[in-house]
Amino acid sequence: MRKYVIMGIQGSGKGTQSALLADDLDLVHISVGDIFRWHVKCHTKLGAQVRRLVAAGELVGDDLVEDVVRDRLQLHDWNYGFIIDGFPRNRRQAEFFLESYDIDGVIHLDLPDEEVRRRVLARRLCSRCGMDYNLIAHRPEVDGRCDVCGGDLVTRADDTPDALARRLRDYHNKIDPVVELFRGKEYVMTIDARPDKATVQQTIRSRLGLPT
Ligand code: AMP
């Protein structure tokens, strides 16, 4: 049984790296952001409570997030373990987590702010079918057009330089203390997230003592 937390700023490849690791080790990948997005999409009561915050990229209140994480982990569908992504996001959530669960490691994907800006500002989204593109790593065949449905590619509303600068500031204010708290417990593996995704995955595995 392996229990991991993965942390990293937006654009650091957190979702991709967790999915690769989860697939291979049969871990359940728990993305708190995905859980909230599901509730919003399905118009649940919780969805109505968090819709505005999720759309604005602001953090949902700690009590609600802790309930969601507790309920999700109580399903106990994680026979081989889990990798949780998007939680904890601040010191209080980290303290709650440490009191409630023992974890085997914290994978901290480290990406300089300048590279985050480059990656995030290159993101595009199809206005018709929602397919994601990235002008650095995944360009459309025809500039500005979706390969799948031919729809117009647009920038996400919250991917402007100003909004990003605010998110970077918020991220560091909240996450740096969490990394320090976990580091005090000697859980943290800081991984350089700049190389390509296969290299990053290999580094994670070797740091976790897994076959690469
Ligand atoms: P993510 O996909 O991880 O960026 O999460 C999407 C959105 O879900 C965030 O912008 C927040 O509104 C909410 N969210 C996800 N995880 C947390 C968390 N640990 N604490 C508070 N809000 C969260």
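Counting starts at 1 for both ligands and their atoms, following the listed order.
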Below 3.5 Å, can you tabulate the donor-acceptor pairs from side chains in residues 126-133 to any protein atom, sequence neighbours excluded?
from: Ser127; atom 1: OG; to: Asp152; atom 2: O; distance (Å): 2.9
from: Arg128; atom 1: NH1; to: Cys149; atom 2: O; distance (Å): 2.9
from: Asp132; atom 1: OD1; to: Arg156; atom 2: NH2; distance (Å): 2.7
from: Tyr133; atom 1: OH; to: Asp147; atom 2: N; distance (Å): 2.8

Asp162, CG atom: more than 12 neighbouring heavy atoms under 6.0 Å:
no
Subject >> Side-chain heavy-atom pair Glu115, Arg119 within 4.5 angstrom cut-off >> reply: yes
Side chain to side chain contact (heavy atoms under 4.5 Å, CB included) test vs Leu208 passes for just one of Leu25, Thr203, Leu21, namely Leu21
Checking Ile30, Ile103, Val28, Ile6 against Ile84 for side chain to side chain contact (heavy atoms under 4.5 Å, CB included), the one that qualifies is Ile30
Between the CZ atom in Arg205 and the CG atom in Leu210, the distance rounded to the nearest 0.5 Å is 7.0 Å
Which protein residues have a heavy atom under 4.0 Å from ligand 1?
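Within the 4.0 Å shell of ligand 1, which is judged on heavy atoms, sit Val32, Gly33, Phe36, Arg37, Leu53, Val54, Gly57, Glu58, Leu59, Val60, Val65, Gly86, Phe87, Arg89, Gln93.
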